[in-house]
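Structure, as structure tokens:
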Protein chains: 2
Amino acid sequence: MSPRQQLRADARRNADRIVAAAGALIAERGADASLEEIARRAGVGSATLHRHFPARQALLEAVFKDRVEALCAKAGDLLAAADPGEALLAWLRAVGAHAVANRGLGASLMRGGGDPALGGTCHDLITGAGEKLLVRARAAGAVRPGITIVQLLKLVSAISLATEHDPDGPAEAERLLGIAIDGVRPR
Amino acid sequence: MSPRQQLRADARRNADRIVAAAGALIAERGADASLEEIARRAGVGSATLHRHFPARQALLEAVFKDRVEALCAKAGDLLAAADPGEALLAWLRAVGAHAVANRGLGASLMRGGGDPALGGTCHDLITGAGEKLLVRARAAGAVRPGITIVQLLKLVSAISLATEHDPDGPAEAERLLGIAIDGVRPR
DNA sequence: TTGCCAAGTGGGGTGGTCCTCCATATCGTA
DNA sequence: TACGATATGGAGGACCACCCCACTTGGCAA
């Protein structure tokens, strides 16, 4: 689905419909929503869904693309912040908040490394954006050495995943994130 | 399967076989292994599996029961350790190590709160054992206030879950745990 | 020891999932 | 308008969790 210009108009319209339906259903029921039902809601056959998005991950990437881009933009903004360490932590909190708010985003962010062949775009984008923040924070001595951006994002995603089925998910995620993130600072 | 005495001899034998087969298959393929195949391996019909373990969670509880009990015993031992704070952290690390070594244990530990009606035993056992360690550590001023044992276990489980599909899972889990656990100490 | 019946079993059915083929319908162009 | 490349979706295969019910079996009472 990278070269969207090459798609025929109806095909592109269907792809958009599928992404919209997927977004709605994933918000309702989580990242493991039924692909059949997504197709049903989008008003297309299941074969069409599978041709457009050969793997579930590809669909998730499309659904969350704009949110990931927003997070990347925020990372860019924070590069100009006064305190490099606080900038990184603030960004991680923002990533966590987004992951909690958008069910399934956290899982999507992590699985980038899993299937290197297809997609991985979300994971790559967010990793690239965060890396710059981490490098700057590290240079300022605001994070302890040896920590990678992939580790930090894994931590954030894991927390959002763990609190996904909680009655009081967002608040609990915030608290857990607070604990975990404090370990990032040098002793 | 709580009142095992009330089961007929053959029923109990089948239940044990199912738990053994489940343990093997879960170790191979993770906690979402097919129940049909577990039944097949155990040499019983799928109906038998479902009657003994009405929900997947119930089966997981049975599979991991001994490991959870070992962790609870370890918690008991650590209650006598000199440094209450270090005792708690050491135990959390042990829980993490077990969760990583036994695929699916982490997920099982977390889901206790999800379905209050059935099971929850693993979750309750481990929570109870950890609570004592936490209370002692808190009294010694070794952990910052406001942290609950459920939060700590959620953190540990989340990390083990997140690293489950990693090429270098155990080592990475150890590192992430190190980061997260440092946030437990008071500032 | 024998006979009986509650307890236990598993094949087969239901309804769901993901994914693939291929005959058909549609778009965009010449 | 006519045509061919492109896109579609229903039908179907393989798998899954879970349930029903005709049958078997263990263990107790006589």
Side-chain angles (χ1 to χ4, degrees), chain A residues 1-22 24-26 28-63 104 107-108 111 114-115 117-119, chain B residues 1-22 24-26 28-63 104 107-108 111 114-115 117-119:
Chain A
M1 294 298 87
S2 337
R4 285 221 169 168
Q5 284 75 7
Q6 295 179 15
L7 283 178
R8 228 167 62 177
D10 55 344
R12 163 149 200 181
R13 184 161 35 85
N14 276 337
D16 289 346
R17 272 193 192 178
I18 290 170
V19 170
L25 204 65
I26 286 172
E28 278 177 34
R29 312 207 192 156
D32 51 356
S34 156
L35 297 181
E36 297 277 337
E37 188 164 354
I38 290 173
R40 232 175 287 135
R41 275 209 199 187
V44 303
S46 62
T48 298
L49 186 150
H50 282 101
R51 194 164 352 86
H52 278 288
F53 306 98
R56 167 176 235 107
Q57 183 61 24
L59 179 53
L60 290 178
E61 301 269 348
V63 167
S108 182
R111 310 241 179 271
D115 276 0
L118 51 89
Chain B
M1 299 306 87
S2 337
R4 285 223 170 166
Q5 283 75 6
Q6 296 180 14
L7 282 179
R8 230 167 60 176
D10 55 344
R12 161 149 199 180
R13 186 160 32 85
N14 276 338
D16 289 346
R17 272 194 193 175
I18 290 170
V19 171
L25 204 66
I26 286 171
E28 278 178 34
R29 316 210 190 153
D32 52 355
S34 157
L35 298 181
E36 297 278 336
E37 188 164 355
I38 290 173
R40 232 174 286 135
R41 276 208 197 188
V44 303
S46 63
T48 298
L49 186 150
H50 283 282
R51 194 168 346 89
H52 278 288
F53 306 97
R56 167 175 235 107
Q57 184 59 25
L59 179 53
L60 291 178
E61 302 270 347
V63 167
S108 183
R111 310 242 179 270
D115 276 0
L118 52 90

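The chains referred to below are lettered A, B, ... by the order of the sequence lines, with proteins before strands, and numbering in each begins at 1.
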Whole angstrom is fine here: how far is it from CZ in B:Arg51 over to C1' in D:dC18?
12 Å
Would you say that A:Ile38 contacts A:Leu59 through its side chain, given a criterion of any heavy-atom pair below 4.5 Å between the two side chains?
yes
Considering all heavy atoms, the nearest B:Ala39-B:Ser46 contact
CB-CA, 3.9 Å
Would you say A:Asn14 places a side-chain N or O within less than 4.0 Å of OP1 or OP2 belonging to D:dT8?
yes
For A:Ala22 and A:Val63, the nearest pair of non-hydrogen atoms, with its separation, is CB-CG2, 3.7 Å
Nearest-Å distance for atom pair NE2/P, residues B:His50 and D:dC16
11 Å
At under 4.0 Å between heavy atoms, how does the protein contact nucleotides 23-30 of chain D? Give one character per nucleotide, 5' to 3', with B, S or -.
--BSS---
Taking atom C1' of D:dC19 as reference, at what distance in whole Å does atom CD of B:Glu36 sit?
12 Å
Atom pair CZ/NE2 of B:Arg56 and B:His50 - distance to nearest 0.5 Å
9.0 Å
Outermost nucleotides of DNA chain C that come under 4.0 Å of a non-hydrogen atom of chain A
C:dT17 to C:dG28
Pairwise side-chain contact, B:Glu36 with B:Leu49, heavy-atom cut-off 4.5 Å (strictly under)
no
Gap between atoms CD1 and P, on A:Ile18 and D:dA7 respectively (whole Å):
13 Å
Taking side chain as C-beta onward, heavy atoms only, is A:Glu37 less than 4.5 Å from A:Arg29?
yes
Whole-Å distance, B:Leu25 CG to D:dA17 P, equals 10 Å
Between A:Phe53 and A:Leu60, is there a side-chain heavy-atom distance shorter than 4.5 Å?
no
Separation of A:Asp32 atom CG from D:dA17 atom P, in whole Å?
14 Å
Closest contact, heavy atoms only, B:Gly104 versus B:Ala31
CA-CB, 3.5 Å
Does A:Glu28 pair with A:Arg41 as a salt bridge, N-O distance under 4.0 Å?
yes
Contacting residues from residues 38-48 of chain A, given that a heavy atom lies under 4.0 angstrom of DNA chain C:
A:Arg40, A:Ser46, A:Ala47
